[in-house]
Amino acid sequence: MADRSTLLWLQAGSCGGCTMAVLECGARGWSAELDAVGIDLVWHPSVSLATGAEVIERLERIESGAEPLDILCLEGAVLCGPNGTGRFNRFAGTGRTMLDWVRALAPRAGTVVAVGSCAAFGGIPAGDPDPTDARGLQHTARGPGGVLGTDFRARSGMPVINVSGCAPHPGWIMETLEAVAAGLIGPADLDALGRPRFFADHLAHHGCSRNEFYEFKASAERPSDRGCMMENLGCKATQAVGDCNQRSWNGGGTCTDGGYACVACTAPGFENTRGFLATPKIAGIPVGLPLDMPKAWFVALAALSKSATPKRVRDNARADRPVVPPGRGPGTR
């Protein structure tokens, strides 16, 4: 392939989960996937062999403009403390902070990609009381800004692309990088928070295996129950951006398939939720209602749906396995 793109991946305040996710991308593994779409990995702190002076020299060449860089990926929040110095997160061996390196390298990149909700919005490190002053590249949990500022644009003219999630689906990461390398993504392809619309124009609720229970408002009461987790167990899939339930993770499984409520990890500020597995309510009605229908419609339809719930659906919703099979026999209506 004649025209290839260069990719530099840095890790800031992070657990490394985004890297763990993307390493499983594709049947051949991430390295082969990158090579197949014409992306050369300049350096990644967890998977590259280069260390020490060799890496520092490469970074300095990119910073000076002597070596071009097409894609800069950052995984993890930028730790700006104490007092805006960034000294909570130094880049080992360079004598400089990650905050300094990010601000120096981002303007040199053709496109900047925030991988994961930490890099996009601050994520888990920014959870209250946020002792490290963790921020995303162009957003924080409280709104636009971040360490690069709202006016930042990469050499391509693009704002930061936020592949949010904790961790993001490996397909979201790889397909974004592929689109960038192919020149197939522009500002119109991002939502208001900079997330690629190919996954951000969906809700995690779409494709959920529990949707039969949702339609009849047959709700789970315990974590082991098979019913819809929205009413009682804190599930935010009807409000959360992502096509998580339409593409399984690494061959199989999603959060809700595994019996765990969606925590809306693609959204800024999700880390400050308290009581993840309990649904806050006012007058018995969940505070967070679905985004894909008017709230008044949902309240009216919920009452109607509950009155028409088949016994099979109601009984199965409150069990950890199907206790009434489908069919026309007794007890199925």
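As a basis for the values below, the full set of heavy atoms in this structure was taken, side chains included, without hydrogen atoms, waters or symmetry mates.
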Asker: For E215, enumerate each residue passing the side chain to side chain contact (heavy atoms under 4.5 Å, CB included) test, keeping only those at least two apart in sequence or located in another chain.
Answerer: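 Expected list: none.
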
Asker: Would you say CD of E60 has more than 12 non-hydrogen atoms from neighbouring residues, nucleotides or ligands within 6.0 angstrom?
Answerer: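 Atom CD in E60 is crowded, with more than 12 foreign heavy atoms closer than 6.0 Å.
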
Asker: Is there a side chain to side chain donor-acceptor pair (under 3.5 Å) between S46 and Q11 once you walk through the steps?
Answerer: CA-CA 9 Å; S46 298; Q11 289 177 317; 3.2 Å; yes

Asker: Going by the rule side chain to side chain contact (heavy atoms under 4.5 Å, CB included), which residues pair with A104 if we only count those two or more places apart in sequence or in a different chain?
Answerer: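 Counting only residues at least two positions away or on another chain, A104 forms a side chain to side chain contact (heavy atoms under 4.5 Å, CB included) with E63, R96.
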
Asker: Excluding sequence neighbours, so at least two apart, what forms salt bridge (Lys or Arg N to Asp or Glu O under 4.0 Å) with D133?
Answerer: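 In terms of salt bridge (Lys or Arg N to Asp or Glu O under 4.0 Å), with neighbours along the sequence ignored, D133 is linked to R135.
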
Asker: Are K311 and N316 close enough, and set up right, to give a side chain to side chain donor-acceptor pair (under 3.5 Å), and what steps lead you there?
Answerer: CA-CA 8 Å; K311 184 177 186 303; N316 286 340; over 6 Å; no

Asker: Of all residues at least two apart in sequence or in a different chain, which pass the side chain to side chain donor-acceptor pair (under 3.5 Å) check with R58?
Answerer: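 If we apply the side chain to side chain donor-acceptor pair (under 3.5 Å) test to R58, skipping adjacent residues, the hits are E67.
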
Asker: Between R195 and S164, which heavy-atom pair has the shortest distance, and what is it?
Answerer: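 For R195 versus S164, the nearest heavy atoms are CD-OG, 3.3 Å.
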
Asker: Contact between R155 and T111 at the side-chain level, heavy atoms closer than 4.5 Å - yes or no?
Answerer: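 When only atoms from C-beta onward are counted, T111 and R155 do not touch, as no gap falls below 4.5 Å.
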
Asker: How would you list all residue pairs meeting side chain to side chain donor-acceptor pair (under 3.5 Å) that involve residues 138-152, not counting sequence neighbours?
Answerer: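 For residues 138-152: none.
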
Asker: Could you work out, with side chain to side chain donor-acceptor pair (under 3.5 Å) as the rule, every residue matching S5, not counting sequence neighbours?
Answerer: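 None.
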
Asker: To the closest 0.5 Å, what do you measure between CG (L233) and OH (Y260)?
Answerer: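 Answer for the CG-OH pair, L233 versus Y260, is 10.5 Å.
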
Asker: Not counting sequence neighbours, which residues clear side chain to side chain contact (heavy atoms under 4.5 Å, CB included) with T254? List them please.
Answerer: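 Here the qualifying residues are N245, T256, D257.
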
Asker: Could you tell me the separation between the SG atom of C208 and the CG atom of L203, rounded to the nearest 0.5 Å?
Answerer: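 Rounded to the nearest 0.5 Å, the SG-CG separation comes out at 11.5 Å.
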
Asker: If you look at every heavy atom in V102 and P107, which pair is closest and at what distance?
Answerer: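 Shortest heavy-atom contact: O-CD, 4.4 Å.
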
Asker: Rounded at 0.5 Å granularity, tell me how far NE2 in H206 sits from CD in Q246.
Answerer: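 One gets 7.5 Å once the value is rounded to the nearest 0.5 Å.
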
Asker: Which distance, rounded to the nearest 0.5 Å, do you find between the CZ of F199 and the CG of D191?
Answerer: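 Here the rounded value is 7.5 Å.
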
Asker: Does a side-chain heavy-atom distance below 4.5 Å link L99 with N89?
Answerer: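 No, their side chains stay 4.5 Å or more apart.
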
Asker: Between A204 and C244, which heavy-atom pair has the shortest distance, and what is it?
Answerer: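 Looks like CB-SG, 4.2 Å.
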
Asker: Looking at D225 and E221, would you say the former's side chain and the latter's main chain have a donor-acceptor pair under 3.5 Å?
Answerer: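 Checked: pair present.
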
Asker: Flag yes if W9 and M98 sit in one hydrophobic cluster, no otherwise; membership is Ile, Leu, Val, Met, Phe, Trp, Tyr, and two members link when side-chain heavy atoms are under 4.5 Å apart.
Answerer: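 Cluster IDs for W9 and M98 differ.
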
Asker: Determine, stepwise, if the pair L59 / F91 fulfils side-chain contact (heavy atoms from CB on, under 4.5 Å).
Answerer: CA-CA 11 Å; L59 296 178; F91 197 147; 3.6 Å; yes

Asker: Is there side-chain contact between M158 and P187, with at least one heavy-atom pair below 4.5 Å?
Answerer: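 M158 reaches P187 side chain to side chain.
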
Asker: Within a strict 4.5 Å, meaning less than it, do heavy atoms of the C166 and F270 side chains meet?
Answerer: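 Touching, per the 4.5 Å side-chain cut-off.
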
Asker: Would the distance check show the side chain of T85 and the main-chain N or O of P82 forming a donor-acceptor pair, the cut-off being under 3.5 Å?
Answerer: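 Confirmed, T85 side chain pairs with P82 backbone.
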
Asker: With a 4.5 Å cut-off on side-chain heavy atoms, are L34 and M174 touching?
Answerer: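 Yes, at least one pair of side-chain atoms sits under 4.5 Å.
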
Asker: Of all the heavy-atom pairs spanning G234 and A261, show the shortest one and how long it is.
Answerer: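 G234 and A261 have their closest heavy atoms at C-CB, 4.0 Å.
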
Asker: Show me the pairs that pass side chain to side chain donor-acceptor pair (under 3.5 Å) and involve residues 165-186, at least two apart or across chains.
Answerer: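 Pairs touching residues 165-186 that pass the test: W172-D243, E175-R247.
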
Asker: Here's a test for you: under salt bridge (Lys or Arg N to Asp or Glu O under 4.0 Å), which of R314, R226, R312 qualifies with E212?
Answerer: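 Output: one option passes, namely R312.
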
Asker: Before you tell me yes or no, could you show the steps for D40 and R4 under salt bridge (charged side-chain N to carboxylate O under 4.0 Å, His left out), namely the whole-Å CA-CA distance, both residues' side-chain angles and the distance that decides it to 0.1 Å?
Answerer: CA-CA 7 Å; D40 294 327; R4 298 180 67 86; 2.9 Å; yes

Asker: Quick one: list whatever passes salt bridge (Lys or Arg N to Asp or Glu O under 4.0 Å) with R210, sequence neighbours left out.
Answerer: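 R210 satisfies salt bridge (Lys or Arg N to Asp or Glu O under 4.0 Å) with no residue once adjacent residues are dropped.
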
Asker: Between T132 and P125, which heavy-atom pair has the shortest distance, and what is it?
Answerer: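 Where T132 meets P125 most closely, the heavy atoms are OG1-O, 4.0 Å.
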
Asker: When you check the side-chain N and O atoms of N232 and S219, is any donor under 3.5 Å from an acceptor?
Answerer: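 Their side chains do not contain a donor-acceptor pair, so the 3.5 Å distance test is not met.
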
Asker: Any side-chain heavy-atom pair from L69 and R108 closer than 4.5 angstrom?
Answerer: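 A side-chain contact is absent here, since even the closest heavy-atom pair is not under 4.5 Å.
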
Asker: May I ask whether I185 and F152 are part of the same hydrophobic cluster, defined by side-chain heavy atoms of I, L, V, M, F, W, Y residues being less than 4.5 angstrom apart, directly or through others?
Answerer: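 No, separate clusters.
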
Asker: Check whether L190 and L148 end up in the same hydrophobic cluster, where Ile, Leu, Val, Met, Phe, Trp and Tyr are linked by side-chain heavy atoms less than 4.5 Å apart.
Answerer: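 No: no chain of side-chain contacts under 4.5 Å links L190 to L148.
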
Asker: Verify side-chain contact (heavy atoms from CB on, under 4.5 Å) between S14 and T19, making sure each step is shown before the conclusion.
Answerer: CA-CA 10 Å; S14 165; T19 290; over 6 Å; no

Asker: Starting from F198, can I reach L177 by hopping between I/L/V/M/F/W/Y residues whose side chains sit under 4.5 Å apart?
Answerer: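 Yes; F198 is reachable from L177 via cluster members.
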
Asker: Report the C-alpha distance between I39 and L41 in whole Å, list the side-chain angles of each, state the deciding distance to 0.1 Å, and finish with yes or no for side-chain contact (heavy atoms from CB on, under 4.5 Å).
Answerer: CA-CA 6 Å; I39 297 176; L41 184 61; 5.9 Å; no

Asker: Go through it in stages, so that I can follow the logic: the residues are L74 and V112, the test is side-chain contact (heavy atoms from CB on, under 4.5 Å), and I'd like the CA-CA distance, side-chain angles, deciding distance and then a yes or no.
Answerer: CA-CA 8 Å; L74 180 73; V112 178; 5.9 Å; no

Asker: For residues W30 and I173, determine if any side-chain heavy atom of one lies less than 4.5 Å from a side-chain heavy atom of the other.
Answerer: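 SC-SC contact between W30 and I173 ruled out.
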
Asker: Who are the side chain to side chain contact (heavy atoms under 4.5 Å, CB included) partners of S224, not counting sequence neighbours?
Answerer: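 With neighbours one apart ignored, the set is R222, D320.
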
Asker: Would you say that L8 contacts I62 through its side chain, given a criterion of any heavy-atom pair below 4.5 Å between the two side chains?
Answerer: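 Answer yes - side chains close enough.
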
Asker: Does anything in residues 263-278 form a side chain to side chain donor-acceptor pair (under 3.5 Å)? List the pairs, not counting sequence neighbours.
Answerer: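 Found K236-T273.
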
Asker: At their closest point, which heavy atom of A21 faces which heavy atom of P170, and how far apart are they?
Answerer: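 Between these two residues, the closest heavy atoms are O-CB, 3.3 Å.
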
Asker: Tell me whether K217 forms a cation-pi arrangement with F213, defined as NZ or CZ under 6.0 Å from the six-membered ring centre and within 45 degrees of its axis.
Answerer: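 No, cation not above the ring by the 6.0 Å, 45° rule.
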
Asker: I need the D70 CG to S156 OG distance, nearest 0.5 Å.
Answerer: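 Result: 10.0 Å between the selected atoms.
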
Asker: Just how far is it from atom OG of S305 to atom OH of Y214, taken to the nearest 0.5 Å?
Answerer: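 Between atom OG of S305 and atom OH of Y214 there are 8.5 Å.
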
Asker: Let me check something: do L23 and W43 share a hydrophobic cluster, defined by ILVMFWY side-chain heavy atoms less than 4.5 Å apart, either directly or through other members?
Answerer: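 Unlinked, L23 and W43 end up in two clusters.
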
Asker: What residues, two or more places apart in sequence or in another chain, satisfy salt bridge (Lys or Arg N to Asp or Glu O under 4.0 Å) together with D189?
Answerer: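 Testing D189 for salt bridge (Lys or Arg N to Asp or Glu O under 4.0 Å), a comparison that skips the adjacent residues, returns none.
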
